[in-house]
Amino acid sequence: MRLSLAALAFLALVAGCGSQRRTLDRLWHGSGQAVVLIPGTSEYASGNVRVSFLVVANDGRPINRPTADVWVARGRDAEPFARTTARLERIGVPGGADAADVQSLYVAHVRLPRPGGYWLLARPVGGDVRIGGIRDLQVKAHTATPALGAKAIPSRTPTLGDAPIRLLTTRVPPDRALLRYSVAGSLAAHVPFVLVFATPRFCQSRTCGPVVDIAAAARRRFAGSGIRFIHVEIYTDNNPAKGENRWVREWHLPSEPWTFLVGRDGRVKAKFEGAVSLRELGSAIRRTIG
């Protein structure tokens, strides 16, 4: 029997009401308390990316559950194409010299297949926060910083023999072991190294973390391995009024801090934007240059 046009319209309406799309925006507004995501990373290229963020409640208090569910979609009104779990990483070290009001960040790894705009929703697991925050990710074809596998830039970064220590680091107390070697010298010697661009004193982000403390702790952990650890400050003469120094410009850093792992062959094996935990850094060192 042929159905009437009115009957067909009614069936379509019923089907539509029973199959609402599970969009990212619907997930966000579906239940619970909305929170804010403060990004710890901002430079993304298509492929496998590391995304870090701080989850903050309405009263400004960081939410520190061990994990958070993460969804990614091409738009707020699109259905998520990926779901993963973010892990809470401790970005400070006990008794560290660098003070920070945030000691942990969420870190997620997700594959973003091509350049363009993406949206990420994160929801801490457990406690009284049932739904999280949402933010956009702008993904490019290539990063401004040296890509994985690219040759490291042979910057003649300053060492203890080049300038007074007050111009080499803003860390208190200074770690002289992080100031012994230059990038150019390490490349010429074919020695693997960890390079940290950071300014402990003038860090401008709540999520930048005590990266130099982490590097110092990793240096002690890998003592005797032959791996060098190098710290380079961000501003000329450690004065923000003078702008970024030439080494930051040579490495095309769009933000700070940054950490690069460079192998004996002089190529970038791993890199971290923003704060990084000792667990993350140690694991990457063992996997790529250890």
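Along the sequence shown, residues carry numbers from 1. Since this is a predicted model, take the numbers as computed values, not measurements.
Linking ILVMFWY residues whenever their side-chain heavy atoms come closer than 4.5 Å, directly or via other members, places Ile227 and Phe272 in the same cluster. If you chain together hydrophobic residues whose side chains sit under 4.5 Å apart, Phe202 and Leu168 never meet in one group. In this structure, Val191 is not a member of the same hydrophobic cluster as Val196, with clusters built from ILVMFWY side-chain heavy atoms closer than 4.5 Å.
With a 4.5 Å cut-off on side-chain heavy atoms, Phe260 and Phe193 do not count as touching. Taking 4.5 Å as the limit, every side-chain heavy atom of Asp213 sits out of range of all side-chain heavy atoms of Leu278. In this structure, Val107 and Arg50 have side chains that are in contact, with non-hydrogen atoms separated by less than 4.5 Å. Side-chain atoms of Val49 and Val110, non-hydrogen and from C-beta on, do get closer than 4.5 Å to each other. You'll find the side chain of His231 reaches within 4.5 Å of the side chain of Pro200, heavy atoms only. Contact of the Val70 side chain with the Phe53 side chain is registered, since non-hydrogen atoms from C-beta on lie closer than 4.5 Å. In this structure, Glu43 and Trp258 have side chains that are in contact, with non-hydrogen atoms separated by less than 4.5 Å. Put simply, the side chain of Phe81 reaches to within 4.5 Å of the side chain of Arg74, judged on heavy atoms.
Closest of all the heavy-atom pairs between Pro210 and Gly92 is CG-CA, 3.7 Å. Taking all atoms of both residues into account, the shortest heavy-atom contact from Val139 to Ala45 is CG1-C, 3.6 Å. Taking every heavy atom of both residues into account, Leu105 and Ala275 meet most closely at CD1-CB, 3.7 Å. When all heavy atoms of Pro80 and Leu27 are compared, the pair lying nearest together is CG-CD1, 3.9 Å. Heavy atoms only, all atoms of each residue included: Ala270 and Leu148 are closest at CA-CD2, 3.6 Å. Thr67 and Tyr106 get closest at one heavy-atom pair: C-CE2, 3.7 Å.
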Should Glu273 and Lys271 be marked as a side-chain contact (heavy atoms from CB on, under 4.5 Å) after you check the CA-CA gap, both sets of side-chain angles, and the distance that decides it?
-> CA-CA 7 Å; Glu273 180 186 5; Lys271 62 180 182 178; over 6 Å; no
Candidate pair Thr199 and Glu256, rule side-chain contact (heavy atoms from CB on, under 4.5 Å), full reasoning = CA-CA 8 Å; Thr199 177; Glu256 64 90 15; 3.8 Å; yes
Check step by step if salt bridge (Lys or Arg N to Asp or Glu O under 4.0 Å) holds for Asp77 and Arg26.
-> CA-CA 8 Å; Asp77 292 328; Arg26 187 177 297 278; over 6 Å; no
Check against side-chain contact (heavy atoms from CB on, under 4.5 Å), Thr259 and Val211 = CA-CA 8 Å; Thr259 304; Val211 176; 3.7 Å; yes
side-chain contact (heavy atoms from CB on, under 4.5 Å) between Arg279 and Arg87, intermediate numbers included = CA-CA 12 Å; Arg279 187 201 67 82; Arg87 174 173 174 169; 3.2 Å; yes
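With rounding to the nearest 0.5 angstrom, the CZ atom of Arg267 is 15.0 Å from the OG1 atom of Thr288. With rounding to the nearest 0.5 angstrom, the CG atom of Leu167 is 5.5 Å from the CG atom of Asp237. Between the CZ atom in Phe197 and the CD1 atom in Ile234 there is a gap of 7.0 Å [rounded to 0.5 Å]. Here the CG-CG distance, from Asn64 to Leu54, works out to 7.5 Å after rounding to the nearest 0.5 Å. Distance check: Trp71 CH2 to Glu79 CD gives 14.0 Å after rounding to the nearest 0.5 Å. For the atom pair CD of Glu250 and CD1 of Ile153, the computed distance is 7.0 Å after rounding to the nearest 0.5 Å.
A salt bridge does not link Arg156 with Asp162: none of the charged nitrogens is closer than 4.0 Å to a carboxylate oxygen. Taking a cutoff of 4.0 Å between a charged side-chain nitrogen and a carboxylate oxygen, Asp136 and Arg76 do not qualify as a salt bridge.
Checked by atom type, the side-chain pair Thr145/Trp251 shows no donor-acceptor distance below 3.5 Å. Side-chain atoms of Glu233 and Thr170 form a donor-acceptor pair, as typed in the model, at a separation below 3.5 Å. Side-chain contact annotation: Glu89 with Ser104, donor-acceptor N/O pair under 3.5 Å absent.
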Residues 112-120 side chain polar contacts: donor-acceptor under 3.5 Å, at least two apart:
| residue | atom | partner | partner atom | Å |
| --- | --- | --- | --- | --- |
| Tyr118 | OH | Arg114 | N | 3.2 |
| Tyr118 | OH | Arg114 | O | 2.6 |

Would you be so kind as to tabulate the donor-acceptor pairs closer than 3.5 Å made by side chains of residues 179-186, with sequence neighbours excluded?
| residue | atom | partner | partner atom | Å |
| --- | --- | --- | --- | --- |
| Ser182 | OG | Gly185 | N | 2.9 |
| Ser186 | OG | Ser182 | O | 2.8 |
| Ser186 | OG | Arg228 | NH1 | 3.1 |

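Here the side chain of Ser225 pairs a donor or acceptor atom with the backbone of Phe222 at under 3.5 angstrom. The closest donor-acceptor contact from the side chain of Arg171 to the backbone of Pro173 lies under 3.5 Å. Although no hydrogens or angles enter the test, the distance criterion places no donor-acceptor pair under 3.5 Å between the side chain of His109 and the main chain of Val51.
Applying side chain to side chain contact (heavy atoms under 4.5 Å, CB included) to Leu178 and the options Leu160, Val212, Ile230 leaves one that passes, Val212.
Within 6.0 Å of the CZ atom in Arg176, the count of heavy atoms belonging to other residues, nucleotides or ligands does not exceed 12. Within 6.0 Å of the CZ atom in Arg246, the count of heavy atoms belonging to other residues, nucleotides or ligands exceeds 12.
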